[in-house]
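Every chain is numbered from 1, with letters handed out A, B, ... down the list of sequences.
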There are 2 protein chains.
Amino acid sequence: MEARHLRYAVALAEQEHFGRAAATLGIAQPPLSKQIADLEREVGARLFDRTRQGVFPTAAGEAFLARARRALDEIAAATVDAGRAARGETGRLRLGFIASALLDPLPGVLSRFGRERPDVRMELHEMATSRSSPALIAGELDVALTLGPPRGAGAEHLVSVPVGTDHVIAVVSSAHPYAGQPSISVDQLRQQPLIVSAGEDEPAVVAALHALLGTDSTALGGAAVARDVHTIIGLAASGVGVGLGPSRMRAAPRPGVRFCEVTPRTPLPDLVLSFTARDHTPVLRAFLDTIRKNCPEVGAALNDRIRPRS
Amino acid sequence: MEARHLRYAVALAEQEHFGRAAATLGIAQPPLSKQIADLEREVGARLFDRTRQGVFPTAAGEAFLARARRALDEIAAATVDAGRAARGETGRLRLGFIASALLDPLPGVLSRFGRERPDVRMELHEMATSRSSPALIAGELDVALTLGPPRGAGAEHLVSVPVGTDHVIAVVSSAHPYAGQPSISVDQLRQQPLIVSAGEDEPAVVAALHALLGTDSTALGGAAVARDVHTIIGLAASGVGVGLGPSRMRAAPRPGVRFCEVTPRTPLPDLVLSFTARDHTPVLRAFLDTIRKNCPEVGAALNDRIRPRS
DNA sequence: CGTGGCAATATCTCTGAGGTATCGCCAGCA
DNA sequence: TGCTGGCGATACCTCAGAGATATTGCCACG
């Protein structure tokens with residue numbers, strides 16, 4: 001059975017007349033009679049009653065037509081859906097990101113992308129840098145925001161673009177003696193209880209802090225440890241000590257805290273956007289387009305690294 | 001686009017290999033390649049990624065395949081549903097009947113038919129004899145149980161078969177003086193308050209009662225009037241008077257009442273099964289088959305009146 | 001008893017689905 | 001680096017069947 005048979009049966013049921021139905025289908029009457037006859041033979045039941053008053057579906061015909069109409073609707077929808085998926089209007093984007101990316105680049109990009117592609121399902125996975133690359137290579141993510149470029153087995157199959165530099169800044173309670181200073185020196189920091197992020201997931205951050213403070217053990221003596229930047233800011237606000245974190249923290253202003261530069265300026269690994277070099281889904285391409293529009297300088301770097309329509 | 005394209009795309013997605021997919025479809029590989037290429041051109045998007053590892057759907061392909069599978073399921077179901085409808089296994093039966101038919105022939109027939117055709121939807125309409133025939137002719141009913149054969153315009157297009165004779169009996173409270181009698185005479189009835197059914201809908205019953213009681217006015221002096229036999233029996237049970245109704249009342253035994261014959265025996269119009277002479281739905285044919293099996297003598301009359309498979 | 005409208009049948013045509021043979025491409029390999 | 005094998009695409013042919021035209025058969029009309 002072919003879709004043609006369904007279309008012909010539906011047209012015949014609508015027109016209730018072989019000649020008119022054939023005309024609307026753009027064919028002559030005899031082929032329509034033949035196709036309907038073939039259909040009835042294949043189904044094994046008479047589908048239409050041919051009366052003087054017109055052609056009407058039998059009980060079997062009604063049952064058949066209900067299914068036929070749904071099948072034709074599905075076929076029409078198949079083309080539409082495929083087109084929308086090909087243009088990246090529907091689908092999903094699985095994005096891995098480090099927690100601090102939620103502060104600065106993500107809100108703007110996500111809200112813009114959400115407005116441009118309302119029917120794309122976003123799957124956001126907060127994860128450490130070290131877990132993103134394997135997930136990308138395994139096809140479990142479409143794109144990731146990490147600290148520093150991807151490393152490890154298969155990283156050569158990934159493309160990465162820096163989307164922002166970063167360095168260590170301090171966050172203190174407004175009531176803190178350092179709050180009024182434009183910057184805080186290392187010596188001043190050494191005299192304070194410090195609040196830093198837990199180091200297991202992001203060793204590069206810990207290494208930067210060690211470089212800054214001149215310690216060489218993995219533990220930062222006497223420091224409070226938090227799992228994410230919001231907690232660091234919260235602890236600093238409560239006066240527990242001086243928080244240290246990425247400059248991207250400034251994107252989370254909060255009454256009662258002040259952000260201060262730290263001297264010497266200590267770089268943190270770049271925030272990097274990475275994805276597989278090939279097999280880009282239309283949604284991923286649309287997402288990269290959004291980033292291009294949102295951050296022109298990142299867009300330029302993107303254009304250098306991926307060929308259009310690859 | 002034809003169903004063939006959907007089947008080929010689904011097979012290709014399952015086999016992930018043009019050669020194997022073509023083999024399962026019973027065709028050679030080149031035609032499959034061509035049909036898939038035609039499909040992709042018509043849809044306007046690449047549906048499969050041809051890689052060294054195998055052939056896999058793109059995002060557009062996944063969207064297309066989801067619809068394609070549903071369309072193919074609908075097409076398969078269309079044939080199955082049409083077959084079941086043609087055999088009368090599904091569908092509906094619109095049955096008009098007078099209330100008293102619920103006492104005797106209907107319960108047995110309906111329960112048997114419900115067991116034989118569990119997926120047929122029964123639409124039961126209690127209605128007076130006078131309304132059944134127009135409803136049958138207008139195509140609003142498939143079959144009707146009436147008192148006496150159909151009359152009126154178009155009645156010649158109906159077939160009717162008597163399914164039972166009937167006559168007037170009395171129903172009295174067990175405490176009533178007549179309760180012990182095998183039969184009650186007309187003279188005895190005339191001395192009692194009588195309970196009869198309302199006459200507007202079934203004039204033939206009223207006429208029979210007039211014939212029995214020898215009155216010629218349309219009103220039965222001093223009688224209580226009920227709209228259905230259950231009410232007649234209930235009123236009789238409460239001692240209001242002597243109920244008169246069809247002998248089919250005996251099928252509704254109730255503690256506290258007795259049924260008695262009435263002399264002289266007064267016939268009521270036959271209970272008649274009627275339906276249109278042509279355009280029988282498969283469900284109606286199945287229903288008539290059930291009646292044939294349930295009541296052999298009615299079956300014989302049916303066989304006389306309708307030709308098989310008409 | 002024509003007559004007109006409609007679906008079915010007969011017959012032909014030509015499109016296009018499917019077959020065979022072959023090519024082009026690339027990964028794996030010596 | 002050329003060789004080879006596997007796979008999909010291409011080229012070309014064949015014939016089944018979708019569709020066109022002409023005609024028939026069959027009632028409900030006048």
Nearest-0.5 Å distance, CZ of residue A:Arg46 to CD1 of residue A:Ile36: 11.0 Å

N/O (side chain, A:Arg50) to phosphate O (OP1/OP2, C:dA8) under 4.0 Å: yes

Which nucleotide in C:dA17, C:dG19, C:dA8 has an atom nearest any side-chain atom of B:Pro31: C:dG19

Under 4.0 angstrom between A:Arg4 side-chain N/O and D:dA18 OP1 or OP2: yes

A:Ser33 vs C:dA7: side-chain N/O to OP1/OP2 distance below 4.0 Å: no

Euclidean distance, atom CG of residue B:Leu32 to atom P of D:dT10 [Å, nearest integer]: 14 Å

Check ion pair A:Arg4-A:Glu2 (N to O, under 4.0 angstrom): no

B:Ile27, nearest nucleotide to its side chain (from C:dT20, C:dG18, D:dG19): C:dG18

Rounded distance in Å - CG (A:Leu25) to P (D:dA18): 15 Å

Atom CZ of A:Arg50 with >12 non-hydrogen neighbours under 6.0 angstrom: yes

Nearest-nucleotide comparison on DNA chain D, the residue closer to the 5′ end among A:Arg52 and A:His5: A:His5

Sugar-phosphate, base or nothing in reach of B:Gln29, heavy atoms under 4.0 Å: base

Rounded distance in Å - CG (A:Asp49) to C1' (C:dA8): 16 Å

A:Arg7 CZ to D:dA18 C1', straight-line distance once rounded to whole Å: 13 Å

Sugar-phosphate only, base, or nothing, as touched by B:Gly54 at under 4.0 Å among non-hydrogen atoms: nothing

Sugar-phosphate, base or nothing in reach of B:Phe48, heavy atoms under 4.0 Å: nothing

Interatomic distance, B:Ile36 CD1 vs D:dC7 P [rounded to whole Å]: 17 Å

Atom-to-atom span, CG of A:Leu12 to P of C:dC6 - whole angstrom: 13 Å

Distance in angstrom units between B:Phe18 CZ and C:dG18 P, rounded: 14 Å

Minimum-distance pair of heavy atoms, taken over all atoms of B:Pro162 and B:Val298: O-CG2, 4.1 Å

Proximity to the side chain of B:Ala28 - top-ranked nucleotide from C:dA7, C:dG19, D:dG8: C:dG19

Electrostatic pair B:Lys34:B:Asp38 at N-O distance under 4.0 angstrom: yes

Rounded interatomic separation in angstrom, taking CG from A:Asp38 and C1' from C:dT9: 13 Å

